[in-house]
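Structure first, then comments.
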Amino acid sequence: MTSTSLLWFRRDLRLGDHPALAAAADHNHRVLGVFVADDVPLDASGSPRRAVLARTLAALAQAMDGRLLIAHGRPRSVLPRLARAVDADVVHVSADYGPYGRRRDEQVQRALQDAGVEWVATGSPYAVAPGRVRKSNGERYAVFTPFYRGWTDHGWRKPARSGSGVDWVDPGEVDGITAHDPQEYARTVPAGMSLPEVGEQAALDGWRTFRDEALDDYDGDRDRPDRPGTSHMSVYLKWGSIHPRTLLADLAGRRSTGAASYRRELAWREFYADSVFHLPESVWTSVDPVIDRMAWDSGQPAEERFEAWRAGRTGYPFIDAGMRQLLAEGWMHNRLRMATASFLIKDLHLPWQRGAEHFLEHLVDGDYASNNHGWQWVAGSGAQAAPFFRIFNPLTQGEKFDPSGDFVRRYIPELRDVPGRKVHRPWELDGGVPAGYPEPIVDHADERAEALRRWQQRG
DNA sequence: AGTCCGTTCGA
DNA sequence: CGAACGGAC
C-alpha cells in the first residue's frame, strides 16, 4: 500500500540526492511535496505559522495528486533538479518577493521551462507586482501617499475566476501525511490552539462574512480588538489562498468609507512589498540607521524582560492579552501589534529585530515585508515611519480601544473575574493584583522618559 | 497609526 | 474644573 509523505528539509541540505527521497521511495511513500523552509526561523518548534503553511501546502499538494514539488524560499536554480528527483512535473513556488532575490520569478520560469517542467506560482500575490509601480522618472516611490496614487493609476487585471486554478481540499483529508523531519517542526501545534481554516473556500467564506457584516464599520471598528472588525484576510493573502484582485474587484463598486479604508490597507501591503523589492536588505536592517546609534539593552535582565514580553507577562493587561493572543492563535490584532511593538522597543529598550523575529515565528500571516516594515514603522527607522518619540501608552491604549476590558479578559484567565474597565489597572484593585498575574515589570512613565533620553543622546 | 503638558475656553 | 487645543518630544 502506498502512503503519502510531506517532506520537510532544512535549507542547508542538498536536496537533489537527499537520502530521505530514496527512503520515501523505498517505503512506497508517494511524495506529495517538498517544502524548504528558510523564511522562518528553523529552531522553533510548534509554530502555528508553519502549521498553517503546512496545511495549506499539503492541501495544494493533495489537490495536485502528488505531481507537485513545493520549494519555498529555495534558490531557484536547483528547482529543475529537484523536480526530477521527486518525479514531479508541477512545481509550486512562492511568488512573494523576499530577500532572496528580486526578479527571481522570471529566472525560475525560464529554468523550469527549459527543463520541461510546468510551473505554478501561488503565495503572496499582489494586485501590482512589486517593482512595477514607478515614478515617471523610473524611481521607486519612497512615500506611501504618492505610491498609493501611482498604484491606483497603474491599475490591475480582473481577478481570475474563483476555482479556475487549484481546487483546494479539506485539510482533514490529509491527516495521514507524516512529516519526515526529525524535529517535525511545523507539523506540531501546541494543544488547544485554534488555527484558521486553510484554502480558497475558507478565504472566500471569511471575506464575504467580513464584507457583509463589518466592512461598512471598518473605519470605526478596525482598531477595536474586542470587536470582529477586521477581515482576517492576511493569512490567505500571505499564502496565496486568495488574490488581492479578488478583494479589490469586490470593493470597486462600494462607496463606503470602510471600503476606501480597506483598499488603502491593501495598498500598504503592496507598498511594503515594493519597498522590499527595491531594498531587500531592509527586511532586517533599519532603513533609517539613526535608530542604530541609540543605546539598546542587553544582558540577563534584558533577556528576562524579553521573555516576559514574549510570554505575555509584563503586568500590563492590554500588552499581555495581545502577546497571548499571538501564542494562542498565531494571529494578533493590528492595534496590539503596534502597542506591543512600541512596548518592546520603547519600554523595554530592545531592538525592533528581536520583536520582528518573534512575530515571524508565530504569526500565521507572518510576512517579511509587512511584518518587518511594520516593526520599522513603530521603531521610527522606516523610510516613512512614525517618529521615534511617538510612544504608545500601554494603559491608555487599552482603555481607549478595549473600553469594557472584554479583550483582556478573553486572553488573560487570571483577570477573568475582574469586571469592567478596571481590568486594565489590576494594581489598583482592592486586594492587589490577582493571584498569578504579575506586577508591571517596568514603570511606563519612567521608561518613556528613558527612551526619550536615549533618543536625545543618540550619537 | 501617540502622548504629555501647559494654556485657554466655556459651563 | 473639565474639555479642547497647540506645541514639544
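Just so we're clear, the structure is a prediction, and the values are computed from it rather than from any experiment. The sequence lines fix the lettering, A, B, ..., with proteins before strands; numbering per chain opens at 1.
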Under 3.5 Å, N/O pairs linking protein and nucleotides 2-4 of chain B:
unit_1: B/dG2; atom_1: OP1; unit_2: A/Arg335; atom_2: NH1; d: 3.4
unit_1: B/dG2; atom_1: O3'; unit_2: A/Gln397; atom_2: NE2; d: 3.4
unit_1: B/dG2; atom_1: N2; unit_2: A/Phe389; atom_2: O; d: 3.1
unit_1: B/dT3; atom_1: OP1; unit_2: A/Asn393; atom_2: N; d: 3.1
unit_1: B/dT3; atom_1: OP1; unit_2: A/Gln397; atom_2: NE2; d: 3.1
unit_1: B/dC4; atom_1: OP1; unit_2: A/Asn393; atom_2: ND2; d: 3.0

### Query
Please give, in whole Å, the distance from B/dA1 P to A/His373 NE2?
21 Å
### Query
A/Gln325 and A/Tyr411: side-chain donor and acceptor closer than 3.5 Å?
yes
### Task
State yes or no: are the ring centers of A/Trp296 and A/Phe306 separated by less than 6.0 Å?
no
### Message
Can you tell whether the side chains of A/Arg454 and A/Glu450 come within less than 4.0 Å, N to carboxylate O?
### Response
yes
### Query
In whole Å, what is the span from the CZ atom of A/Phe343 to the P atom of B/dA1?
23 Å
### Query
Is any side-chain N of the basic residue among A/Asp365 and A/Lys238 closer than 4.0 Å to the acidic one's carboxylate O?
no
### Task
Could you tell me whether the side chains of A/Thr230 and A/His333 share a donor-acceptor contact shorter than 3.5 Å?
no
### Message
Strictly below 4.0 Å, N to O, side chains only: are A/Arg313 and A/Glu414 in salt-bridge contact?
### Response
yes
### Query
Rounded to the nearest Å, what distance is computed from the CG atom of residue A/Leu452 to the C1' atom of nucleotide B/dC5?
13 Å
### Query
Between A/Lys346 (NZ) and C/dC9 (C1'), how many Å, whole number?
11 Å
